[in-house]
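For reference, the structure discussed in these notes is given below.
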Number of protein chains: 2
Amino acid sequence: MESVVKTDRRILRTKQSITKSFLELFSEKDFEQITINEIAERANVNRGTVYLHYSDKYDLLDTCIEEHINELISLCTKREDDTVNQAMVQEPKPVFDYFREHFPFFSAMFSNQRAFLFRDQLLNFISVNLMIKMERPDNLPIIDNKIKAQFMASAFIGIVEWWIRHHMPQSTQFMADQVRNLFENNQVYPK
Amino acid sequence: MESVVKTDRRILRTKQSITKSFLELFSEKDFEQITINEIAERANVNRGTVYLHYSDKYDLLDTCIEEHINELISLCTKREDDTVNQAMVQEPKPVFDYFREHFPFFSAMFSNQRAFLFRDQLLNFISVNLMIKMERPDNLPIIDNKIKAQFMASAFIGIVEWWIRHHMPQSTQFMADQVRNLFENNQVYPK
DNA sequence: CGGGTTTTGTTGTATATGAAACAATTGCGT
DNA sequence: ACGCAATTGTTTCATATACAACAAAACCCG
């Protein structure tokens, strides 16, 4: 029995407004040029309210990134399959659907200099997942799994970045198929 | 010197949310089927808050209509021209631009049974404006101006309704030209 | 360098909104 | 007709947010 304390509607609304406003600005101009004034004004929120939820714009950026990373994680782990983290490798379509659904965010992340934070976290997340996947005993350890995981994770991020920056010309299904083939061919998981 | 008391940001935000939510629902289903619950839920606002601003959904509808009528009025009267109300007749493009800008609202109004309220108010507004225009002494009173105004106002509304219901196939400029010719040919104002 | 402007955090107080509970009413299916 | 469920207004209390003012820092610009 979990006592799920649902947060106040106003908080959710305000945070939504602020992050939306911030991400818009983030895709429009350089991060350093963005002021709290602008963010609050566009979000139609008092300036003080921004400080109520975020210590500064760096914290705001970190939070945005963290939330999406967490979403991706839960997306990959909430399968009925008892072996966690199989989702992204064996069925990547929901992941790509998520990318498409939150296009404004990922687009901003990939088109901005300050995206390295996001990139690192995402890459680390995927790398760890691939590691877990490859540590299954029936996989021949020809190459160091850690290196392999990094390699494959980078490849994955690269594909996603390209897809986002070109405004998602292919369907999520197509992308999912490509990625699945990629992982199969590199024996990330056994046939 | 006017002491302009600017309203609280929360009020503006909330009202915006509620009317937006309501108009969406209004274009989706019959007015009688819409509940306050739905409106509040979609607006992401507490149900009690709706009652804080509107007595019921009828009041909400009336308010929406009134606001847009007032917008149209100010659009037609804020010209530098000392003779008020010339705007709509001699330069109808801004009016059509307004229609296009607020397409969701007008579309809902013209596609719903309960639109008669709106239709009446709009028709009355235009009719009065035309009356003022025609009362200028250099207009020959062959036909009773009141009747003529009603006639022309109905014609105008009819054109707008058709345009909206067909998803605005023509440009606002084109529509404006058409209306101007219409009024010219019927001597609403002298050449 | 100097000085005006903008931005930043922070504070105190007023108020709008959220959440929950309630009785009264309406609606709907059987 | 009955009863169950949903909707409606209304209330009370808690709290998130608005607003205004402030000093300090950062930023321009001549």
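Residue numbers start from 1 in every chain, and the chains themselves are labelled A, B, ... in the order their sequence lines are given, proteins ahead of strands. No experiment lies behind these values; they were computed from the predicted model shown. Because only heavy atoms are used, hydrogens play no part in the values below, and waters and symmetry mates are left out as well, while side chains stay in.
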[X] [atom1] - [N] [atom2] separation (whole Å):
X: Leu52(A); N: dG12(C); atom1: CG; atom2: C1'; result: 14 Å
X: Lys57(A); N: dG9(C); atom1: NZ; atom2: P; result: 9 Å
X: Leu12(B); N: dT17(C); atom1: CG; atom2: C1'; result: 14 Å
X: Glu32(B); N: dT8(D); atom1: CD; atom2: C1'; result: 14 Å
X: Asn46(B); N: dT11(D); atom1: CG; atom2: P; result: 15 Å
X: Leu25(A); N: dT7(C); atom1: CG; atom2: P; result: 13 Å
X: Tyr51(A); N: dT7(C); atom1: OH; atom2: P; result: 11 Å
X: Glu38(B); N: dG27(C); atom1: CD; atom2: C1'; result: 15 Å

(message) Here's a test of your reading of the structure: between Ile36(A) and His53(B), which maps to the more 5' nucleotide of DNA chain C?
(response) Ile36(A)
(request) With DNA chain C as reference, determine whether Asn37(A) or Lys15(B) sits nearer its 5' end, using the nearest nucleotide of each. (result) Asn37(A)
(message) On the six-membered ring of Phe31(B), is Lys57(B) placed so that its NZ or CZ lies under 6.0 angstrom from the centre and within 45° of the ring axis?
(response) yes
(message) As an exercise, state the distance from OH of Tyr54(A) to CG of Asp59(A), rounded to the nearest 0.5 Å.
(response) 8.0 Å
(message) Using side-chain heavy atoms (C-beta onward) and a distance below 4.5 Å, is Gln33(B) in contact with Leu25(B)?
(response) no
(message) Strictly below 4.0 Å: does Thr49(B) bring a side-chain N or O up to OP1 or OP2 of dA16(C)?
(response) no
(request) State whether Arg9(B) places a side-chain N or O below 4.0 Å from either non-bridging phosphate oxygen (OP1 or OP2) of dA16(C). (result) no
(message) Applying a 4.0 Å non-hydrogen cut-off, can you work out what Thr7(B) is touching in the nucleic acid: base, sugar-phosphate, or nothing?
(response) sugar-phosphate
(request) Kindly point out which of dA18(D), dG9(C), dG18(C) is positioned nearest to the side chain of Asp56(A)? (result) dG9(C)
Could one point to a donor on the side chain of [X] or the base of [N] with an acceptor on the other under 3.5 Å away?
X: Arg10(B); N: dT17(D); value: yes
X: Arg47(B); N: dG18(C); value: no
X: Asp8(B); N: dA16(C); value: no

(request) Measure from the side-chain N and O atoms of Trp163(B) to the backbone N and O of Gln170(B), and report whether any donor-acceptor pair falls under 3.5 Å. (result) yes
(request) In plain terms, say whether Glu38(A) and Arg47(A) are close enough for a salt bridge, that is, a side-chain N and a carboxylate O under 4.0 Å apart. (result) no
